[in-house]
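To start, the structure under review is shown below, and the notes come after it.
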Amino acid sequence: MEAITNNLTAAQAEAVTHIDGPLLIIAGPGSGKTRVVTHRIAHMLHRGVRPFQIAALTFTNKAADEMRMRVNLLAPGQPVWMGTFHRFCAQQLRRYASMVGLQENYSIYDTSDSKSAMKRAIAAAGVSTTHSTPEQIASAISRAKNRLITPEIMQQQSGRASDSVAARVYPVYQQQLLLANAVDFDDLLYHFARLLRENPEVRGELDAKLKYIMVDEYQDTNLAQYAIVRAMSVDHPNLAVTGDPDQSIYGWRGADLNNILDFEKDYPNVKTVRLEQNYRSTPNILAVADQLIRHNRRRKPKELFTENPDGENVILRQYEDGYQEADEIADEIATQMMAGNAEPRDFAIFCRMNALTRSLEHALRNRGLPYQIVNGVEFYQRKEVKDLLAYLHLINNPSHDVAFQRVVNTPTRGIGATTIGRLQRFADSQRIPMLEAARRANEIDALSKRAVTMVSKFVTIYDRLRKKATASLEDLLRYLVEETHYIDFLEKSAMEKEDANPAANVDELISAAVEFDRMHPDDGSLDAFLEQVALVADTDAFEDSNNRVTLMTLHAAKGLEFPRVFVIAVEDGLLPHARSKENDQQLEEERRLLFVGITRAKQWCQLSYAKRRSVRGDVRPVIPSMFLSELPRADMTVIESQRDYDFFDSVDEEYPDSWDIVQEPATTIQSVAIESNDAPSTVDRLPNASVIPDLYMDEPSAVTKKPKSSKPSIQTGLKTASELLDSDRVPLNLYREGSTVRHPEYGEGKITSLVGRGPKRTAKILFDNATGEQTFRLAFANLELVQ
DNA sequence: CCGGCGCGGTTTTTT
DNA sequence: ACCGCGCCGG
């Protein structure tokens, strides 16, 4: 047990060993926060705290998975609850559903579901949308929920004009959600917060049960989250929060910086620990970040320092335009790789908006550089996946009107907009779900005979599917695809599009279902699966140290680290974003965003802007971001653009287009491994190359240990896409059922099963030690084939 | 009722 | 440049 505090600094140990009473950990970037949190949990367990008394709340699944993995290393197999706020609330609401007007099989609407629900509510409320868009109304309502404002209160307040429109829609929207036995994302927090507020006995019960609550990224909590945490920490105020005010970047979604700034006031006997030493970045990088963030007024001053050795200067670079920026960054990556001291996974490119990744994507693809876009087009957003999920939703919750509308004519069965509109009107007038209206189609005078027949047919199909509701997910899905002739429908409708292969996505969904069936042999209810899907934005939360350049937004970058970082388009209007310049608070948040970006870098960092950039078609001159003038230029390498650059003279001809060569298109990967945030530890110090099989090697020996310097394809330089991507696939074929593999964390194990193809190929591995069985995507896991 | 075409608005960030 | 929406011919 002493071992737990062994490799910690004094400050870290102080935080780790504080168990009872409120604790505030102010943790600068790269200060070993995750290490502290995980060690603290392990320490509490050793001290006799029961695992089910602890709940650790995070904002993202990535963070929760990382935490779970690392706690499991320190204290294997302990059922400590770790997960996102939203998941926590979702699970609690299952138990207390009836107390907020829901049934326990309630559905969670995703953003697009709530959008269509919102449109319907707007129509039903009879407000005109000439002065405010559905999005504006939705966001006003969202803001209200985040601040625990009820429809009634909002109507009384009705300050801004746009708010008064929203105030009229809000009760209607809310009523329709309840009728559909559904909640949106905000409701998960809102309902649960109000439940705690209005039911002292429930509050007391949970407070007593969860004696030790931990909140990660506390600077990003909104009022609802604040209220939830607070309510559960009254009788047992052992609340431990970690955060960094300088990394608060979610103000736009209701996060209130005061929650962390005032924590010491809220909890008078708080113990505060500051982790200021940085173990991640070079002093060069840290100095630039520090200089930048000093320009913020609303913060707690912090001394960031590091004992890491000096590195290269941070580069501030100007390009002619966005295309040159993309091309030259791709070249730079290729150059650094050829120099032999970097591989694709070392690089990350951050931008303010998703749209900016497009030109980078193009440039990387032209050079055959493997890349991944984090949070690009998500699997569960694909049309065919959403269609099938909508069926599942409707089977699980017959009141799910959004799902009904999606599914009733998919595949097309002659039920058009007119019919759906009439069903909707009938449903509204009777205050019944649309499926119920469909059952009573013959009572609806407005419907034609033909429509009644079609609708009845659908209901028949539905009832047949519903009988399978309790079967395994796999069976249910296969049956569903069969009964609806869904594949035929896909083939008929998606004939021309070459890139997509929707049928593969259907397969992939089925594999996900199979996976879920296996992981939840007993409780594998439809309910749980759908909840999982709704709350896990990106599916593969497993190990995926896939060797690719990472493209993502600055928001998505929080909590991650990379050896080499590019931040692109640091330009006025983009960063700070045009819509964030109205007030100082927003401006400061933009500054923090850049701060987060810079502090992700371990060794090398470049900020860039262009002289002109094309937005929405036409080129516009660029004003460099004001933030750039706040940096210590004397200590940086400033490179201005000189030569004329003709973007028509692009590299397309020199490099083959990888998409033509690869039969199985590289899929977009939606998640990225969180690398260690930690102070140096034994594991952290191991050079990556010695434990991670290199997917770029052409020979099967790729999967054996080799020093970095002997990577053939990197040494000889980057070649064509086919070579890179071909070699990417080769090792996968070597894995067989029964193969013995080694994982850097879990040690040796045997492959017990293999499913899926290509990048989706997934293995279940039974480990020799206490870890038990784990599931990995072969293409991304750090597996080493032993025989 | 279906699917194709053209128009206009539109984009910040995410559970 | 892209997507969703509305109009129109089958």
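Any value given below was found using the heavy atoms of this structure, including those in side chains, with hydrogens, waters and symmetry copies removed. Letters go in sequence order (proteins before strands), and every chain restarts at 1.
Closest to the side chain of A/Tyr250, out of B/dT14, B/dC1, B/dT11, is B/dT14. Listed nucleotides: B/dC1, B/dT14, B/dT15. Nearest to the side chain of A/His86: B/dT15. Of all nucleotides listed (C/dC5, B/dT11, B/dT13), B/dT11 comes nearest to the side chain of A/Ala355. The nucleotide whose nearest atom lies closest to any side-chain atom of A/Ala556 is, among B/dT14, B/dC1, B/dT15, B/dT14. Of all nucleotides listed (B/dT15, B/dT10, B/dT13), B/dT10 comes nearest to the side chain of A/Thr133. Here the nucleotide nearest the side chain of A/Thr412, chosen from B/dC2, C/dC2, B/dT14, is B/dC2. Of the listed nucleotides (C/dC2, C/dC5, B/dT14), C/dC2 has the atom at the smallest distance from the side chain of A/Arg358. Between C/dC2, B/dT13, B/dT15, one nucleotide has an atom nearer to the side chain of A/Phe185 than all others, and that is B/dT15.
Distance CZ (A/Phe350) to P (B/dT14): 13 Å, rounded to an integer number of Å. In this structure, A/Asn354 places its CG atom 15 Å from P of C/dC2, rounding to the nearest Å. Nucleotide B/dT14 holds its C1' atom 15 Å from the CZ atom of A/Phe85, rounded to whole Å. Look at CZ on A/Phe595: it is 18 Å from C1' on B/dT13, rounded to the nearest Å. Between the NZ atom of A/Lys558 and the P atom of B/dT14 there is a distance of 12 Å, given to the nearest Å. Between the CH2 atom of A/Trp252 and the C1' atom of B/dT13 there is a distance of 4 Å, rounded to whole Å. What separates CD of A/Glu589 from C1' of B/dT14 is a distance of 12 Å, to the nearest Å. In this structure, A/Arg253 atom CZ and B/dT14 atom P are separated by 9 Å, rounded to whole Å.
A cation-pi arrangement is absent between A/Arg592 and A/Phe595 under the rule of less than 6.0 angstrom and at most 45 degrees off the ring axis. Cation-pi check for A/Arg413 over A/Phe458 is not met; the charged atom does not lie both under 6.0 angstrom from the ring centroid and within 45 degrees of its normal.
For the residue pair A/Asp387 and A/Thr410, no side-chain donor N or O sits within less than 3.5 Å of a side-chain acceptor on the partner. In summary, the side chains of A/Ser625 and A/Glu571 do not present any donor paired with an acceptor at a separation below 3.5 Å, with no hydrogens or angles considered.
Taking only side-chain nitrogens and oxygens, A/Thr553 comes nearer than 4.0 Å to OP1 or OP2 of B/dT14. Contact annotation: A/Asn409 side-chain N/O to B/dC1 OP1/OP2 distance is not under 4.0 Å. Side-chain N/O atoms of A/Thr60 include none lying less than 4.0 angstrom from OP1 or OP2 on B/dT14. The shortest distance between the side-chain N/O atoms of A/Lys119 and the OP1/OP2 oxygens of C/dC5 is below 4.0 Å. Within the 4.0 Å cut-off from OP1 or OP2 of B/dC1, at least one side-chain nitrogen or oxygen of A/Thr418 is found.
Between A/His400 and A/Tyr109, the distance from one ring center to the other falls under 6.0 angstrom.
Judged by closest nucleotide on DNA chain B, A/Gly414 is the one of A/Gly414 and A/Leu593 placed further toward the 5' end.
A salt bridge is defined here as a Lys NZ or Arg NE, NH1 or NH2 lying under 4.0 Å from an Asp or Glu carboxylate O, and A/Glu320 with A/Lys611 meets this definition.
Using a 4.0 Å heavy-atom distance criterion, A/Leu574 is classed as making no nucleic acid contact.
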